[in-house]
Amino acid sequence: MGVLDAVTERVAGRSDSVSLHECRDCGVILESAGPVCPTCGSTEIAYYEW
Ligand SMILES: [Zn+2]
């Protein structure tokens, strides 16, 4: 699970809250997301915050 590894590493490296967006269609992680995925053009963007 490369995506999960990347998320875990990102969270562990920061002490404040972390938020990110993930495209539900292509799975790309977007650190500062607009309403549309820049990779595939999907508007199905999931939002996560810790
Ligand atoms: Zn996408």
Side-chain angles (χ1 to χ4, degrees):
M1 296 297 282
V3 170
L4 281 180
D5 288 344
V7 170
T8 301
E9 183 173 326
R10 195 178 304 273
V11 171
R14 295 183 55 168
S15 58
D16 56 343
S17 65
V18 175
S19 61
L20 59 80
H21 299 73
E22 178 186 16
C23 177
R24 293 184 186 276
D25 278 351
C26 70
V28 69
I29 298 296
L30 312 167
E31 290 191 60
S32 58
V36 178
C37 173
T39 300
C40 72
S42 172
T43 56
E44 295 296 319
I45 306 298
Y47 177 68
Y48 303 101
E49 186 173 7
W50 285 266

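Both counts, for ligands and for their atoms, begin at 1 and track the order of listing. Values reported hereafter were calculated over all heavy atoms of this structure, with side chains retained and with hydrogens, waters and symmetry mates removed.
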* the Zn ion (ligand 1) neighbourhood, protein N/O/S only, threshold under 2.8 Å -> Cys23 SG, Cys26 SG, Cys37 SG, Cys40 SG

* Nearest heavy-atom neighbours spanning Cys37 and Val28 -> SG-CG1, 3.7 Å

* Structure fact -> When rounded to the nearest 0.5 Å, the distance separating OG1 of Thr39 from CG of Leu30 is 6.5 Å

* To do: Go through Ile29 and Glu22 one step at a time and tell me if the side-chain contact (heavy atoms from CB on, under 4.5 Å) criterion holds.
  => CA-CA 5 Å; Ile29 298 296; Glu22 178 186 16; 3.9 Å; yes

* Nearest atoms (heavy-atom pairs only) where Ser19 meets Tyr47 -> CB-OH, 3.3 Å

* **Straight-line distance of Asp25 CG to Thr43 OG1, nearest 0.5 Å** => 8.0 Å

